[in-house]
> 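Starting off with a structure, shown below.
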Protein chains: 2
Amino acid sequence: MDKFTIKDIAKLSDVSTATVSNYLNGNYAKMSPNTKEKLANIIEKTNYRPSTTARNLAKNENKTIGVSVADITNPFTSPVISGISERCSEYGYKLVFTNSNNDEQKEVENINRLLEEEVAGLIIDPVNPNSNTYQRLSNTYTVIVDRQAQRSIIDTITTDNMKSVELMTQKMLDAGYTDLYFVTWPLSGISTRINRYTGFKNATKYTNDEHLLTIPYDYESSDDDSFTQTIRQIVTSSHGKLGFFTMNSRVLQNFLKVTQSLNYTYPDDFGVATYENFDWMQLMTPGISCIRQDSVAIGHAAMDLLKEKLSTNYTSEPAPRMKTIPTDIIIRESF
Amino acid sequence: MDKFTIKDIAKLSDVSTATVSNYLNGNYAKMSPNTKEKLANIIEKTNYRPSTTARNLAKNENKTIGVSVADITNPFTSPVISGISERCSEYGYKLVFTNSNNDEQKEVENINRLLEEEVAGLIIDPVNPNSNTYQRLSNTYTVIVDRQAQRSIIDTITTDNMKSVELMTQKMLDAGYTDLYFVTWPLSGISTRINRYTGFKNATKYTNDEHLLTIPYDYESSDDDSFTQTIRQIVTSSHGKLGFFTMNSRVLQNFLKVTQSLNYTYPDDFGVATYENFDWMQLMTPGISCIRQDSVAIGHAAMDLLKEKLSTNYTSEPAPRMKTIPTDIIIRESF
DNA sequence: CTGTTAGCGCTTTCAT
DNA sequence: ATGAAAGCGCTAACAG
């Protein structure tokens, strides 16, 4: 785009490139007010912009952090990015972004690309936190968000999954619900899902998985698929007071679509609550009780932690830390 | 992270850096099968990754495109990014991302940063398309999405705003609605809003702005604010069959919150339709009629166009083109 | 205060 | 088929 280099500016200003460089880096102490002003003018006039690439190479540093998200389509994701992005610009980092579309293979490629880029640090919203792709990463420059590995070696930031679900389930219990179901995408070893389910079991004291209802990740309700049948069966044969907890907003949507097609209504035919909070849940009639997680805060925390790590000098691989961001519970009229 | 450079590899392999470079670039014709294999082994063993920074500098090219979005929090934004991101990786570009949080000043900084980065191209979801920040950009390497400048000099991709709203409004008219209102954030010269409103006026033939209802961008309904009062006033005093068209999903949410607080229900007390489609609109009872825009397609189109531009050699600034992505209309029971 | 110069890691003629 | 060497645009000693 621009053809000007530091040499051109030096020539035009009748100084050396070193002086120009000093000017560029704010080392004004090293030059007379005169040259400083001259430089200011010329640079302004020529609209000269130093090449970040060359700078990075020369200083052997790269103020960029790489972000790899599992699925940008997930409504959880954009607030997290927003939080990261905010902190990035505060801290003077730029953000290069990759989306893996829930494809592990794609994620590996993305991470490789980012590594080649020589990003200073990595923030990963992992497709499968138990994958061994992350083994090769160092905890000195990466942090994981949202999903947590079974046996993690990397700092990770999650929301308070277990406790909050336990609490919400308890609320349903307190409201007299005796027959509770947990609706989720396949657990697949994914911590977010497992922890939420564990919270559910802690509260209900269910000892087996008979109250675990699983729908495929890409579930689209159709006429009378097996999930629809299951729900019908449960609703018609339940003895106690029947309630459902859905594992996130998308599962909730699928669930409600099914119950609507079945002509069941809440809170009459069943009670319902969900993880995640979105504006529309308040608009539903009745409003949906839910657990609100602060996704922006996750982004903030991730970048804060990363920055801290990047500015400390580790002599050895630091032990992984976990940070959980608190949630709160919103009770509406859905149970 | 890695300490290995091309020199190390050259030394280890007993060849020159030139040969290593050739290997790296797939110029296998320029070396014996022997050296090729030797290199392959050593590189594999050392886990060597060439520095993109150095490559960029040497080749004086940068396969990255910069994306500046107005507000990543807007649900419209992430599918667009998703589309761009998909094409980016197909085309071998990386994506550096900035969010302006609807702040023009921030956007200027972001664009400057991207320019300094020497990105190959720019995709901008503009805060204010009529700002003169964009004047300094060249149409050879940038494309604008979503919002269109009054007098544009840059290729832009938008959805079919005017026609689709005209069509939807016509549907309401056909359904017997005689008293229609357009609810929007302040028009503020923003093409998206203006075009949608124009479509509305085209259909209704209203000649003044008495049927234009504006809420602040950051509107939060409170007890009995002026918008709430306006709505109450309109509903109670309307003579004909009353309907509302909301300019996007967030306006719809605000609008529905207000009507709910007023204890009005649709489609009895009023009919309603909106721009934008989200899953939850189908869950509402009754379902909301809406205009579905294909945001992912916008992202695709933007990157496709950009790629085409980047690979053509312009001798002069190309004339700006407009591309509009078709929408479709989903009729449910809200009017 | 200012200039010289040797890199940063890689690419790319041009020789050999 | 391989290597020497001159850059790419900038930074950072080191001299002066």
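Reckoned from all heavy atoms, side chains included, excluding hydrogens, waters and symmetry mates. Residue numbers start from 1 in every chain, and the chains themselves are labelled A, B, ... in the order their sequence lines are given, proteins ahead of strands. All figures in this text were calculated on a predicted structure; none of them were measured in a lab.
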> Quick one: how far along DNA chain D does chain A reach, first to last nucleotide 5' to 3', anything under 4.0 Å to a heavy atom?
dG9(D) to dA12(D)
> Assign S21(B) to base, sugar-phosphate, or nothing according to its heavy-atom contacts below 4.0 angstrom with the strands shown.
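Result for S21(B) = base.
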> Nearest nucleotide by nearest heavy atom, which residue falls closer to the 5' end of DNA chain D, N22(B) or N60(B)?
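In this pair, the answer is N22(B).
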> Could I get the full list of salt bridge (Lys or Arg N to Asp or Glu O under 4.0 Å) partners for E317(A), not counting sequence neighbours?
none
> Please find the earliest and latest nucleotides of DNA chain C, in the 5' to 3' direction, that have an atom within less than 4.0 Å of any heavy atom of chain A.
dC1(C) to dG9(C)
> What residues form a ring-ring contact (aromatic ring centres under 6.0 Å, His included) with Y23(B), not counting sequence neighbours?
Y28(B)
> Give me each pair satisfying salt bridge (Lys or Arg N to Asp or Glu O under 4.0 Å) with a member in residues 69-81 of chain A, each pair once, sequence neighbours excluded.
D71(A)-R250(A)
> Scan residues 51-91 of chain A for pairs that pass ring-ring contact (aromatic ring centres under 6.0 Å, His included), counting only residues two or more places apart or in two chains.
none
> In residues 6-16 of chain B, which residues come under 4.0 Å of DNA chain C by heavy atom?
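Going residue by residue through residues 6-16 of chain B, the ones with a heavy atom under 4.0 Å of DNA chain C turn out to be I6(B).
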> Heavy atom of residues 27-40 of chain B under 4.0 Å from DNA chain D: which residues?
A29(B), K30(B), M31(B), S32(B), T35(B)
> Could you pull out all residues at least two apart from E37(B) that satisfy side chain to side chain contact (heavy atoms under 4.5 Å, CB included)?
N41(B)
> So N25(B), base contact, sugar-phosphate only, or nothing? Heavy-atom distance under 4.0 Å.
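Since only primed, P, OP1 and OP2 atoms lie under 4.0 Å of N25(B), the category is sugar-phosphate.
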> Under the salt bridge (Lys or Arg N to Asp or Glu O under 4.0 Å) definition, can you give me all pairs with a residue in residues 99-113 of chain B, not counting sequence neighbours?
none
> When all nucleic acid strands are considered with a 4.0 Å heavy-atom cut-off, which category describes N56(A): base, sugar-phosphate, or nothing?
nothing
> By salt bridge (Lys or Arg N to Asp or Glu O under 4.0 Å), which residues pair with K309(B), not counting sequence neighbours?
D155(B)
> Please list, chain by chain and in numerical order, all residues satisfying side chain to side chain contact (heavy atoms under 4.5 Å, CB included) with T64(A), sequence neighbours excluded.
N62(A), K94(A), V96(A), V119(A)
> Consider only side-chain N and O atoms of T156(B) and Q148(B), and report whether a donor and an acceptor are under 3.5 Å apart.
no
